[in-house]
Amino acid sequence: MPKLKIDGNEYDFRPGMTVIQVCDENGIEIPRFCYHERLRIAGNCRMCLVEVKPGPPKPQASCALPAAENMEVQTASPMVKKAREGVMEFLLINHPLDCPICDQGGECDLQDQALMYGKGTSRYNEFKRAVEDKYMGPVIETHMTRCIHCTRCIRFVDEVAGMPELGAMGRGEHMEVTTYLEKAVASELSGNVVDLCPVGALTSKPYAFVARPWELVKTESIDVMDAVGSNIRVDSRFDAVLRVLPRMNDDINEEWISDKTRHACDGLRVQRLDRPYLRENGKLRLASWEEALGVVAEKLSATKGEKIAALAGNLVDVESMLALKELMVSLGSPHMDCRQDGAAIDASDRASYLFNTTIADIEQADLILLVGTNPRFEAPLVNARIRKRFLQGGLSVHNIGAAVELTYPVTELGNIPALLAEIASGKHALADAIKNAKNPMVIVGMSALAHESGEAILNAARSLPLQREGWNGFNVLHNAAARVGGLEIGFVPQKGGKGIAGIVEAIGRREIEVLYLLGVDEIDMDYFKGAFKIYQGHHGDIGTQNADVILPGCAYTEKQATYVNLEGRPQQAAKAVTAPGEAKEDWRILRALSERLGKTLPYNTLPELRRHLAQAYPIFATIGEVTPAAWSWKGKADGTIAKAAFEPAITNFYRTDPISRVSKTMAECTKQVWPQLRPTQKEAA
């Protein structure tokens, strides 16, 4: 490998690297404002100046300077020091003295670098430039006088988000970053520009003037707003979650999160269940835990096992589902399901319900077929990874389903589900393209699997020639954080049991009398009329309607819990705050109930439960890692696919679960941003 010298020490580098990349790789600090490793190089701020020999007798921007053999770089010479002081002085000429009232205070790159690299005195006595603040929607607060024109925000929305909503007008000191038409930034990833802004020009509107960073307790956790499993940091003060920020994980979300992940957290404080309730004479009344569990235990004890059923919702953790499953089995009930939408998922074949390619390996694909999915709203970080692959060149994307405007070109094949069977049988032109592709992928969404011909669609997708040596291109795109975890532990109908559709029919025929709803909030409760309903969850949402007993549980920020993302990667969320009132962790409620029933579950603590989980299902022994599923399906496309078109799995990106539905910020996004995004689904067509 070629070598260069930095501050007298010799380092290897890969061809194509810039000097700043070599320095970063070897722990040598170079100040910067405009440079970001995931964005195109702009070379705007000139803060990363270094002295280079051989070369011109002036400092050069290390972000745009290719590393070369035998190059000698000085990062702290007198020339460099003076140049950086000059750059900092120019940057501060028009920057306002807002630090005491700026939300970026304590987390500001400009503050830090002014301290480390600034001159310490000012020679500027003129009036400072003032710029009118711009409107950018309900999640971005603007103070454009602070802007230093680094253009990180512009490059992000153009390159990563794929929606060129921001740009610059004017030149020199008259340059202004704007949305042009003074409208909300129409992107589901827009909040990331706040993290990217190195000064306080763009800050979080919901978090404005709420807290200083040193007041917050920072907890590393996992997001549950979709099935991607984005790594997040939950910042809290006392018992309130004040904000959610992304954590770096190159295998999953890189360093981005969606606006729903970031800003729905204000819904954690609203409409919470904090006490048990019992329904008497059609009205709910407060009850003690002793009384509520006593009523539930009495009802379950008096009912035959085959007349009891259980359903798990979209935000439930694995430990709680395992406890509920084992409780139902001990009661003799085979009726259970974690698929609220009735998706035809083959739970017996692990490779048939995972995103086998993995999110990171999307970057290796050369052909992608979308079937009944809109990844932009069902999994924004998966969509961002597809766009990243598209920008590298050599990728074609095809879509069977409702025409959607994604952030990359898509060949629309039509909303005709039967087209998939044509491709699988080789009758469609795309069949040859899939055969000849080096790394083809199919991404099957919940719109397809919840279709009336879901099983036939699944078989047709599995029949596509997507397997190569070291490559499995079959992928299912889940949109529920709990779904893969439930499938991994077999929270599906046991032998002789009924799934969601069968349970609804059986309740109508009075064959099932008691229904245990664990966080189930996406099903019309009218389907369950006639059954005794026990609801366990954390919000007063759809699931509490007509429930006979309500047991308050914990939200994802209030418990230690395990979730499995769509790749089959187990990850653990951490407790950031205490649950309100008398709410308890879901598995503890079920453990206490099992004791009252005389069917005591074999664990008393969370570590015991997790050991039991890992012994029964070995994938949970390797937290944070993907255990690949062997491709064993030998069947072929069979069954007739009905003509009915695919319906969108998500009708409003900002309101998909009990937390986001009560979030004030998500309500504002629904009013201001969703009308701009909704036409991209082309519903009228």
Side-chain angles (χ1 to χ4, degrees), residues 1-95 108-124 147-156 158-160 168 171-173 175 196-199 248 250 254-255 391-392:
M1 292 179 68
K3 300 179 186 296
L4 56 66
K5 282 187 178 181
I6 303 176
D7 296 334
N9 299 314
E10 196 169 66
Y11 299 98
D12 294 333
F13 66 91
R14 296 180 299 278
M17 294 180 72
T18 61
V19 170
I20 199 171
Q21 289 173 330
V22 179
C23 290
D24 287 349
E25 198 170 83
N26 291 284
I28 301 167
E29 185 174 348
I30 300 286
R32 80 289 303 270
F33 290 113
C34 70
Y35 174 77
H36 192 280
E37 57 271 19
R38 299 190 195 276
L39 303 176
R40 282 198 309 259
I41 293 168
N44 293 336
C45 70
R46 319 308 287 182
M47 193 64 201
C48 64
L49 294 173
V50 294
E51 184 179 355
V52 180
K53 295 178 182 178
K58 62 178 183 179
Q60 299 187 58
S62 60
C63 66
L65 180 64
E69 181 80 52
N70 299 323
M71 179 184 279
E72 294 185 17
V73 179
Q74 292 291 328
T75 67
S77 67
M79 177 196 291
V80 171
K81 184 175 182 296
K82 185 177 180 181
R84 289 176 181 169
E85 287 177 351
V87 169
M88 183 60 70
E89 193 172 9
F90 274 117
L91 286 174
L92 293 176
I93 278 176
N94 284 313
H95 199 78
C108 178
D109 291 348
L110 188 62
Q111 276 185 339
D112 296 340
Q113 294 185 40
L115 174 66
M116 297 303 297
Y117 304 102
K119 193 170 185 178
T121 59
S122 174
R123 297 176 288 177
Y124 189 75
C147 180
I148 61 170
H149 304 162
C150 71
T151 69
R152 280 186 179 183
C153 55
I154 296 173
R155 284 175 284 150
F156 173 83
D158 184 40
E159 298 165 31
V160 180
R171 295 181 63 111
E173 71 171 351
M175 174 178 164
L196 287 170
C197 185
V199 294
M248 184 99 61
D250 285 336
E254 298 185 299
E255 58 186 274
L391 292 176
Q392 296 169 9

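Contact annotation: the side chain of Met88 approaches that of Met47 to within less than 4.5 Å [non-hydrogen atoms, C-beta and beyond].
Of all non-hydrogen atoms in Cys63 and Cys48, the two that sit nearest each other are N-SG, 3.4 Å. Minimum interatomic distance between Val87 and Cys45 (heavy atoms only, all atoms of both residues): CG1-O, 3.3 Å. Closest approach of Ile154 to Ala168, counting heavy atoms only: CD1-N, 3.8 Å. Contact record, Ala64 with Pro66: O-CD, 3.4 Å, taken as the closest heavy-atom pair. Across every non-hydrogen atom of Ala67 and Leu4, the tightest pair is CB-CD2, 3.6 Å. Between Pro31 and Gln113, the shortest heavy-atom distance links the atoms CB-OE1, 3.2 Å.
Summarising the geometry, atom CZ belonging to Phe33 is positioned 13.5 Å from atom OG1 belonging to Thr151; distances are rounded to the nearest 0.5 Å. Tyr11 OH to Met17 CE: the interatomic distance, rounded to the nearest 0.5 Å, is 12.5 Å. Atom CZ in Arg155 sits 8.5 Å away from atom CZ in Arg40 (nearest 0.5 Å). Atom OG1 of Thr75 is separated from atom CD1 of Ile30 by 5.0 Å, given to the nearest 0.5 angstrom. Between the CG atom of Asn94 and the CD1 atom of Ile148 there is a distance of 12.0 Å, given to the nearest 0.5 Å. For the atom pair Arg152 CZ and Cys197 SG, the distance stands at 8.5 Å (nearest 0.5 Å).
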* Yes or no on side-chain contact (heavy atoms from CB on, under 4.5 Å) for His149 and Asn44, after CA distance, side-chain angles and deciding distance? -> CA-CA 7 Å; His149 304 162; Asn44 293 336; over 6 Å; no

* Evaluate side-chain contact (heavy atoms from CB on, under 4.5 Å) for Ile6 paired with Met71, printing each intermediate quantity in order. => CA-CA 8 Å; Ile6 303 176; Met71 179 184 279; over 6 Å; no

* Stepwise, does the side-chain contact (heavy atoms from CB on, under 4.5 Å) test hold for Asp24 with Arg32? -> CA-CA 11 Å; Asp24 287 349; Arg32 80 289 303 270; 2.8 Å; yes

* Asked: side-chain contact (heavy atoms from CB on, under 4.5 Å) between Arg38 and Val160: does it pass, once the steps are laid out?
  -> CA-CA 9 Å; Arg38 299 190 195 276; Val160 180; 5.7 Å; no

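With sequence neighbours excluded, the residues forming a ring-ring contact (aromatic ring centres under 6.0 Å, His included) with Phe156 are Trp256, listed by chain and number. With sequence neighbours excluded, the residues forming a side-chain hydrogen bond (donor to acceptor under 3.5 Å, both in side chains) with Glu85 are Lys81, listed by chain and number.
Of the possible donor and acceptor atoms, one in the side chain of Asn26 sits under 3.5 Å from a partner among the backbone N and O of Val22.
Counting only residues at least two apart or on different chains, the side-chain hydrogen bond (donor to acceptor under 3.5 Å, both in side chains) pairs with a member in residues 47-73 are Glu51-Ser77.
By the 6.0 Å contact criterion, CE on Met116 is open, its count of non-hydrogen atoms from other residues, nucleotides or ligands being 12 or less. The number of heavy-atom neighbours closer than 6.0 Å to CZ of Phe90, taken from other residues, nucleotides and ligands shown, is 12 or below.
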